[in-house]
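As structure tokens, the structure follows; a few thoughts come after it.
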Amino acid sequence: MEMFSLTDATGCFASIEKIYEPSIRFRPVVVLSNNDGCIIAICPIAKKLGIPKFQPYFKVKHLLDKYHVVVRSSNYELYGDISDKMMSVIARFSDNTYQYSIDEAFSCFNNYEGILKDWYTYGHEMRRAVWREVRMPVGVGFGRTLTLAKAANHASKKLADSDGVAVIDDDHSRKLILQQMKLDDVWGVGKRLSQRLSLLGLKTGYDLANRSPKSIRQQFGVTLERTVEELNGVRCLSWDDVKSPKKEIFSTRSLGQRIVKFVDLRKALTTHAVKVGNKARQQHSLIKKLYIFASSSPYDERYFKKGIMYDFPRATDNICHLSSAIAQVTNTLFIEGVAYYRCGVGAIELESSDFQQQDLFIPPVNPALMNCYSLINQRFGRGTLLLASEANKEKWAMRREFLSPRYTTRWSDIPVIRC
DNA sequence: TCTGGGGTCCTAGGACCC
DNA sequence: TCTGGGGTCCTAGGACCC
């Protein structure tokens with residue numbers, strides 16, 4: 001019988017900051033988003049102090065000062081590398097693992113029952129291995145459906161008597177865990193839905209599970225109906241659903257320094273387009289439509305936003321095609337006098353590159369160049385090969401006042417042990 | 001001095017065409 | 001003369017997640 005697990009890191013980015021800086025291990029730590037905008041990660045110690053997540057940094061600064069909280073800017077180079085290490089450890093415990101986000105992974109176990117003693121023990125083995133090899137604290141949850149695995153993972157960290165592993169494998173454990181879950185802790189239920197559900201008198205995940213799926217469908221749609229089924233152990237989300245290629249790929253960013261020059265806007269947009277192109281190629285997709293936008297800040301007195309849809313005559317993942325599309329579009333996007341605060345690029349219509357419809361009148365593109373480009377950047381590191389129109393040194397680079405060293409990816413930043 | 005994340009998916013509504 | 005359905009595409013915004 002199939003079993004799923006979800007493993008995810010506790011306070012991921014904050015925990016990573018503690019790996020190479022033992023002196024802050026027992027102190028409250030928070031990590032800020034790009035541009036030091038919001039708090040996006042809090043370690044358990046900071047959480048206990050009541051530091052809120054997703055609040056603008058400057059608004060909670062007084063609180064952070066009060067408790068002497070350690071503040072770090074986000075260091076994605078470091079987080080990405082630690083995440084890779086963590087994922088490779090998790091992957092050893094199952095023959096089928098899928099990385100769901102930077103800090104969590106689903107694993108699928110087929111007919112493991114005969115081999116394993118029990119899921120609880122196995123979860124602890126996974127947990128110990130990640131701690132021993134990467135020094136990352138993780139929670140592991142097991143369930144017969146992906147939604148139950150998520151619920152168990154939540155329980156593994158949140159419940160009073162939890163020790164990092166939780167298993168839902170019968171009605172008893174299911175009831176026990178779901179009864180202690182708030183509505184918006186259920187995967188797929190956010191603030192709005194939980195508000196509406198509570199009007200019906202529902203309080204816990206278990207209340208939701210006991211609703212008739214049919215009536216939920218009528219009032220809230222199929223998505224929530226599936227969630228209800230999944231909470232009851234009926235599988236609606238298949239492994240393939242989770243692993244399916246993305247339908248949209250975006251790259252957007254706020255700018256540390258406002259852009260006022262045409263060339264700078266084009267460079268920033270090209271950089272985003274190349275990122276999107278590379279992601280698309282990785283999942284064997286070609287881009288048919290590209291949405292390109294730039295805006296001032298919504299907090300400005302006069303908010304400016306403009307977006308343009310670019311339709312490629314034939315779907316492509318070639319970064320040269322993307323770059324020339326950007327060059328054309330920037331002409332209409334750029335307006336003298338606007339101080340751009342945000343810009344980005346999104347592929348919103350993707351086609352599979354495995355089954356591509358050829359065009360009688362447009363000669364097919366030889367993929368050799370893009371293959372070679374990808375291989376070189378894989379082998380020698382991202383950014384080894386760049387388009388001339390990309391930004392290599394970003395003048396408008398984001399504000400990162402509290403950046404930690406990139407301990408594991410830069411020779412200059414390797415930790416030094418003094419005896 | 002100024003500061004407010006990033007990504008994916010879905011749907012409603014408007015514009016346009018036949 | 002006046003009224004009208006149905007499809008596609010685009011845009012904006014909501015909802016959710018991390």
Side-chain angles (χ1 to χ4, degrees), chain A residues 6 8-16 30-42 52-62 64 71 73-74 76 79-80 83 99-106 139 146-147 150 153-154 157 183-197 220-224 226-227 237 241-242 244-258 272 275-276 279-280 283 285 288-293 295-300 303 305-311 339 341-350 398-402:
Chain A
L6 178 69
D8 90 329
T10 318
C12 181
F13 300 162
S15 299
I16 292 177
V30 300
V31 176
L32 306 178
S33 64
N34 289 326
N35 275 323
D36 295 341
C38 293
I39 295 182
I40 50 164
I42 1 178
K53 222 174 161 182
F54 300 118
Q55 289 292 310
Y57 168 58
F58 72 96
K59 283 192 178 172
V60 289
K61 191 168 179 300
H62 65 280
L64 303 176
V71 177
S73 304
S74 38
Y76 282 101
Y79 307 156
S83 164
Q99 181 175 348
Y100 177 69
S101 74
I102 191 160
D103 77 325
E104 53 190 322
F106 282 111
L146 294 167
T147 308
K150 265 270 189 191
N153 172 277
H154 182 262
K157 296 189 290 189
L183 287 169
D184 57 359
D185 289 333
V186 175
W187 193 31
V189 179
K191 220 168 82 188
R192 291 302 290 269
L193 269 177
S194 69
Q195 271 172 6
R196 285 173 62 199
L197 288 166
F220 300 93
V222 274
T223 323
L224 193 64
R226 287 199 195 115
T227 302
L237 282 172
D241 289 332
V242 183
S244 63
K246 304 246 180 301
K247 294 173 183 167
E248 292 182 349
I249 298 171
F250 269 80
S251 172
T252 70
R253 201 114 309 171
S254 306
L255 303 150
Q257 253 181 344
R258 302 232 176 180
H272 286 301
K275 263 191 199 154
V276 168
K279 272 196 186 174
Q283 65 163 26
S285 293
K288 181 74 175 96
K289 275 185 190 149
L290 203 61
Y291 179 69
I292 301 135
F293 77 92
S295 71
S296 65
S297 164
Y299 302 98
D300 284 352
Y303 180 46
K305 179 172 181 178
K306 195 168 179 186
I308 285 172
M309 192 75 72
Y310 188 94
D311 200 346
Y341 176 74
R342 235 169 85 82
C343 69
V345 167
I348 58 160
E349 207 180 301
L350 294 161
M398 48 190 164
R399 193 177 26 251
R400 293 200 288 186
E401 232 176 287
F402 317 103

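Letters A, B, ... mirror the listed sequences (proteins, then strands); counts begin at 1. Predicted model, so just to flag it, every value in this text is computed and none were measured.
Scored by the side-chain hydrogen bond (donor to acceptor under 3.5 Å, both in side chains) test, A:Tyr79 finds A:Glu17 as partners (sequence neighbours excluded). Not a single side-chain hydrogen bond (donor to acceptor under 3.5 Å, both in side chains) links A:Lys59 to another residue, sequence neighbours left out. In this structure A:Lys53 satisfies the side chain to side chain contact (heavy atoms under 4.5 Å, CB included) test together with A:Ile42, sequence neighbours excluded. A:Asn153 pairs by the side-chain hydrogen bond (donor to acceptor under 3.5 Å, both in side chains) definition with A:Asp8, not counting sequence neighbours. Evaluation of the side-chain hydrogen bond (donor to acceptor under 3.5 Å, both in side chains) rule for A:Ser101 yields A:Asp103, A:Glu104 as partners, not counting sequence neighbours. Legend: residues meeting salt bridge (Lys or Arg N to Asp or Glu O under 4.0 Å) with A:Asp311, ordered by chain and number and at least two apart, are A:Lys288. Taking the ring-ring contact (aromatic ring centres under 6.0 Å, His included) definition, one finds that A:Phe220 meets it with nothing, sequence neighbours left out. Residues meeting the ring-ring contact (aromatic ring centres under 6.0 Å, His included) test with A:Phe250, sequence neighbours left out: none. Partners of A:Lys275 by side chain to side chain contact (heavy atoms under 4.5 Å, CB included), not counting sequence neighbours, listed by chain and number: A:Ser251, A:Arg253.
Looking at DNA chain B, the stems built from 3 or more consecutive Watson-Crick or G-U wobble pairs, each pair with its key distances under 3.5 Å, are B:5-18 with C:5-18.
In this structure, A:Arg196 reaches neither bases nor backbone, as no heavy-atom distance under 4.0 Å exists between it and the strands shown. Across all strands, A:Val276 comes closer than 4.0 Å to no nucleic acid atom at all (heavy-atom distances). Within the 4.0 angstrom heavy-atom criterion, no nucleotide atom of any strand lies near A:Gln55. Across all strands shown, A:Asp103 has heavy atoms under 4.0 Å from sugar-phosphate atoms exclusively, and none from any base. Among the protein residues, A:Lys53 comes within range of no part of the nucleic acid, since none of its heavy atoms lies under 4.0 Å from any strand. Using a 4.0 Å heavy-atom cutoff across all strands shown, A:Leu32 reaches no nucleic acid atom at all.
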Practice prompt. Do nucleotides 7-18 of chain B as a string where each nucleotide becomes B, S or -: B if the base has a protein heavy atom under 4.0 Å, S if just the sugar-phosphate does, - if no protein is that close.
Written response: SSBS--------
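Rounded to the nearest Å, the gap between the P atom of C:dC17 and that of B:dG4 is 25 Å.
Side-chain contact between A:Leu32 and A:Cys38: absent, with no pair of heavy atoms (C-beta onward) separated by less than 4.5 Å.
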Please produce a list of atom pairs where a protein N or O lies less than 3.5 Å from an N or O of nucleotides 2-4 of chain B.
unit_1, atom_1, unit_2, atom_2, d
B:dG4, OP1, A:Tyr341, OH, 2.3
B:dG4, OP2, A:Tyr341, OH, 2.8
B:dG4, N3, A:Tyr299, OH, 3.1

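A salt bridge between A:Arg258 and A:Asp300 is present, with a side-chain N of the basic residue lying under 4.0 Å from a carboxylate O of the acidic one.
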